[in-house]
Amino acid sequence: MIDTIFLILSLFALAGAIGMITLSNTMHSALSFLVTVFAIAGLYALLNASFLFMVQIIIYAGAIIALLLFIVMFLNIKEDKLKEPNRYNIMLVVAIILAPVDYLLFQAFLKMPHIGDFSTTLDNFGDVKMLGNELFKGWLVPFEAISVLLLVALIGSIVLARKKERE
Amino acid sequence: MIEASFISYISLAILLFSIGIMGLISRKNIFIIYMSIELMLNAINIIFVTLSKYFGSMDGQIIAMMVMAIAASEAAIFLSLIVAMYRLKHSVNIDDFNTLKQKDTL
Amino acid sequence: MNSSLLAWIILIPFISSFVLGALYLYSISIKKINDTIFTFLAILAPITSFLIGVAFFLSLKNGATDYMYEPYTWLGVNGYIISMGFLGDKLSIFMVLFVTFIGSTIHVYAAGYMKGDEGYGKFFSYFNLFMASMLLLVLANSPIIMFIGWEGVGLCSYLLIGFYFTEPLNVVAGNKAFIVNRVGDLGFIIGLVIMFFYVGKLGFDYYALEDYISLVPTSILTIIGIALFVGAMGKSAQIPLYVWLPDAMAGPTPVSALIHAATMVTAGVYMVARFHFLYDLIPHVGEFMAYIGAFSALFAAIIAMRQTDIKKILAYSTISQLGYMFIAVGLGAYSTGLFHVFTHAFFKALLFMGAGAVIIAVGHEQNIFKMGGLRKKLPLVYSVMLIATLAISGIPPFSGFFSKDEILLKAYRHHEYLIYGIGLFTAALTAYYMFRLFFVTFHGKNYKQKEMHYLSWSMKAPLLVLAFGATVAGFVGLPEVFSQTNLIDEWLKAYSGGALHVEHTTEIMFMGISVVVGLAGIVVAYVKYFKYDFNKEIQESGIVYNKFYIDEVYHFIFVRGIQKLSRFISVDVDDGVIDKAVMSLCGGFINMGRRIGRMQCANTRVYAFFMLLGISSFSLYLILKLG
């Protein structure tokens, strides 16, 4: 059962990703990326990360992609300006160059110390309570730093996107 | 045999990451480049969450959450940058932003 | 007596020079300082040095041993030790005495001569530096220290000859003096280096050299001797390096007096006398020196006969007189040569000061044919010039007679009859050209009346002092026939080269010949120029007037040659080879940089691609390495 779900989700993720980089219309590729985001959210659920599953849907699908689509529509880009005739050739070249990197990573993960059975875990592993405990006990300072970062990003984006007065 | 094992999650993440790099290098559209970067972040997140389950520790998930927070702030900055750049050059083609190009003035 | 006072003989003029220089800078840049202060400071220094010199003289006279003062080690490298040392022996104190004495009188004279000049303070600063360098040269206890003074003298002569540097000709003259001196200095330093190479380890002061010089093989000694003599040629203006001296007349007249009488040109003679232990071992080099001296004397005298510039005539007479000195030192009669240095200092300083007074009086005119009839206008200058001219012409009892006669006698006694003949002939020429100058300047008829400028007492007083000196200086070296003791030979016994006993009748005969020859020259000059008619336009020309075209020949051979070589190096070698090599290398780098710079295409995707390539190749390496 889990295997089947995993297979379907990963196929969706890969298909969405490939669609994103190949489609020439920005709108279409953004929607394709949305499929990938949802599939990855499903994978989080399979990995006992229920909180992350929600966060992924809310932040990525709900906030980032929506914002992106909004900007794309706002700028109203003409596709004919962005002719990319040789993008598949470049992709092929990059794929060939990436092969050793991927192989190395794959080998590295294969040779990781085996600790336990991956399929069997604690019942309550990954629920929100456990995550919250861990987050506010062991990771309080990074958490606060992240919140400050978000504030800075908020102000920064306003400053950047603001229209200059003299223009 | 493909199953929901540790290595299959990792393989998926590696594949997604590679697709992200391919998109980053091959496309000129700045939005797609942005989405490729996000895809790469997501691939890394999958690895973190997988390892979190693998080692039975919550740290991986927390880091994944941090990455998401950073991705969110990045989205805000990046998109406003795109708006500002578009205002400047009326283009979303990354090749148009070549002010730092070496000029043959010497 | 404290031997450290030796250093003060040098230091006082040096400090004075420094203070004067600083005050001069203050004076021209901030606030004008009264000339009286400069005068006072300037004249004080040589007089103080003179007084210290007198004290040393008296002490040595009472039988004190040589003074040696070594304040510190200047250089000490692996056993080769050069100490900053000063030697006060009979020779150096003798030199100090007359250098500072003549120097003092010239200082007093210069105070009048330079009055109101813009560079008054600067002039005296250089002047005292000149004195200090000369005294350092004289008092040094090793050839290395001597060389410092030797170079200092050359530098100061350059500064003073080009004193009015706004006039391009003066600058050229200064350069000429400096460059020609440099040629001589090269010879000098080559000699020093060879000497140092052979005996430097055993100590390099004069005492050590005197003890160990015989260890050097004779052939090497010959090279050293000639190399040192080349240095002397440059400083003392002998053939072929004499050309700078006539041009050195571009400087103010007191400078000429100082260069010709007290400092600089006597340095060569002093140096040879100082190295007498070396030249005693190589009499053939000495003979060569004597011949060079004789020919210089004759050559300069011939040129002087046709010159019209009062200072140039005196300059050539200096070369001529220096030739006599080299005859003496070349034949080993160092004390005789120094005796002539001594008497020459008096009458030549007097001649220059007189000439300077005349030049000032007639308003900076140097051509003798534009003067004339100055006897009544300048009676004092007339009489002192007469004394000086008689002295240089070798008429007894004036000083020049005794020293010149002794040189000729020595030459004869060494069986150098050619030198003797040249010397005698030159004596006649000397009398002729000096009286030509004298008669044309002070006598003659139909001369144009000129407005006379006032001569201050600070110019007249030194004339009187030196006139007295020029008259009596010869008596310190009376020949045997008049007196049992020759004071100069007595004082410089170590340098006399052995007494030569001559029959009294022979000696008197020789004196008679000298006097007759001198008088003959005077008579010829009298006939030709005493009633010189200034209405006649004379135009001097010919090979002699043009100084045998030596300057032109030198210019053609050396200056042009070096210019051509320089142009070749600058155009062909520098521009063609070195610059081209450097520039093409540079161009190669630029091109390479431009090519590499293309990678900086401002295309982020390309950057990412490069980054990926790097990661990929690194991964490939790891895969292959780890398997």
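Sequence lines set the chain letters: A, B, ... in the order given, protein chains first and strands last, and positions in each chain run from 1.
Neither the backbone nor the side chain of A:Ala63 has a heavy atom closer than 4.5 Å to any heavy atom of chain B. Only the side chain of B:Ile10 comes within less than 4.5 Å of a heavy atom in chain A; its backbone stays farther off. If you measure heavy-atom distances from A:Thr22 to chain B, the contacts under 4.5 Å come from the backbone alone. For A:Tyr88, no part lies under 4.5 angstrom from a heavy atom of chain B. In this structure, the portions of A:Ala30 lying under 4.5 Å from any heavy atom of chain B include both its backbone and its side chain. For a residue to count as touching a neighbouring chain, one of its non-hydrogen atoms must lie under 4.5 Å from one of that chain's; by this rule B:Asp95 does not touch chain A. With a 4.5 Å cut-off on non-hydrogen atoms, A:Leu98 touches chain B through its side chain but not through its backbone. Both the backbone and the side chain of A:Ser10 have a heavy atom closer than 4.5 Å to some heavy atom of chain B. Of the two parts of A:Phe51, only the side chain, counted from C-beta on, holds a non-hydrogen atom closer than 4.5 Å to a non-hydrogen atom of chain B. For A:Leu105, the parts sitting under 4.5 Å from any heavy atom of chain B are the backbone and the side chain alike. Heavy atoms of B:Ile47 lying under 4.5 Å from chain A belong exclusively to its side chain. In this structure, chain B has a heavy atom under 4.5 Å from the side chain of A:Ile146, while its backbone stays farther away. For B:Phe78, no part lies near chain A; criterion is any non-hydrogen pair under 4.5 Å. The contact between A:Phe109 and chain B is made by backbone and side chain atoms together, counting heavy-atom distances below 4.5 Å.
When side chains are defined from C-beta on, A:Leu46 counts as touching B:Tyr9, because their heavy atoms get closer than 4.5 Å. Annotation: side chain of B:Tyr86 is not in contact with side chain of A:Ile71 (no heavy-atom distance under 4.5 Å). Looking only at side-chain heavy atoms (C-beta outward), A:Met20 and B:Ser36 come within less than 4.5 Å of each other. Looking only at side-chain heavy atoms (C-beta outward), B:Phe48 and A:Leu52 stay at 4.5 Å or farther from each other.
Chain B forms the most heavy-atom pairs under 4.5 Å with one residue out of A:Leu135, A:Leu151, A:Val152, A:Ile5, and that residue is A:Leu135. Ranked by heavy-atom pairs under 4.5 Å with chain A, the first of B:Met35, B:Met22, B:Met58 is B:Met35. Among the candidates B:Ala84, B:Ser80, B:Ser52, the residue making the largest number of heavy-atom pairs closer than 4.5 Å to chain A is B:Ser80. Of the listed residues B:Ile7, B:Leu24, B:Val83, the one with more heavy-atom pairs under 4.5 angstrom with chain A than any other is B:Ile7. When each of B:Ile33, B:Ile21, B:Ile14 is checked for heavy-atom pairs under 4.5 Å with chain A, B:Ile14 comes out on top. The greatest number of non-hydrogen atom pairs below 4.5 Å with chain B, out of A:Ile64, A:Val55, A:Asn133, is found for A:Ile64. The candidate from A:Thr4, A:Ile97, A:Leu68 with the greatest count of non-hydrogen atom pairs under 4.5 Å with chain B is A:Leu68. With respect to chain A, the highest number of heavy-atom pairs below 4.5 Å among B:Val49, B:Leu12, B:Asn42 belongs to B:Asn42.
Looking only at distances, no side-chain donor or acceptor of B:Arg27 sits under 3.5 Å from a matching main-chain atom of A:Arg87.
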Report task. Evaluate the side chain to side chain contact (heavy atoms under 4.5 Å, CB included) criterion for residues A:Val94 and B:Ser26: first the C-alpha distance (whole Å), next the side-chain angles of each, then the deciding distance (0.1 Å), finally the verdict. Result -> CA-CA 8 Å; A:Val94 172; B:Ser26 63; 5.8 Å; no
**Report entry** A:Ile40 vs B:Leu16, side chain to side chain contact (heavy atoms under 4.5 Å, CB included): CA-CA, chis, key distance, verdict
**Finding:** CA-CA 10 Å; A:Ile40 288 171; B:Leu16 288 174; 4.1 Å; yes
Report task. Determine, stepwise, if the pair B:Phe31 / A:Leu69 fulfils side chain to side chain contact (heavy atoms under 4.5 Å, CB included). Result -> CA-CA 10 Å; B:Phe31 288 105; A:Leu69 286 171; over 6 Å; no
Query raised in the report: After noting the C-alpha distance and the side-chain angles of B:Phe6 and A:Leu110, does the key distance pass the side chain to side chain contact (heavy atoms under 4.5 Å, CB included) rule?
Result: CA-CA 9 Å; B:Phe6 168 71; A:Leu110 261 188; over 6 Å; no
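Residue-environment remark: CZ (B:Phe97) exceeds the threshold of 12 foreign heavy atoms within 6.0 Å.
The minimum heavy-atom distance linking A:Ile21 with B:Gly23 is given by the pair CG2-CA, 3.5 Å. Across all their heavy atoms, A:Leu47 and B:Ile46 have their closest contact at CD1-O, 4.4 Å. For B:Ile32 against A:Leu23, the heavy-atom pair with the smallest separation is CD1-O, 3.9 Å.
Separation of atoms CZ (A:Phe106) and CG (B:Leu15) is listed at 9.5 Å; rounding is to 0.5 Å. Note: B:Ile30 CD1 to A:Leu75 CG = 10.5 Å, rounded to the nearest 0.5 Å. We find the OG1-OH distance between B:Thr50 and A:Tyr44 to be 8.5 Å, quoted to the nearest 0.5 Å. In this structure, the separation between CG on B:Asn29 and OG on A:Ser29 is 7.0 Å, given to the nearest 0.5 Å. Expressed to the nearest 0.5 Å, how far CG of B:Asn45 lies from CG of A:Leu43 amounts to 12.0 Å. The CD1 atom of B:Ile77 sits 5.5 Å away from the OG atom of A:Ser157 when rounded to the nearest 0.5 Å.
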Hey, can you pull the donor-acceptor pairs under 3.5 Å for the side chains in residues 60-75 of chain B, sequence neighbours left out?
residue : atom : partner : partner atom : Å
B:Ser73 : OG   : B:Ala69 : O            : 3.3
B:Ser73 : OG   : B:Ile70 : O            : 2.8

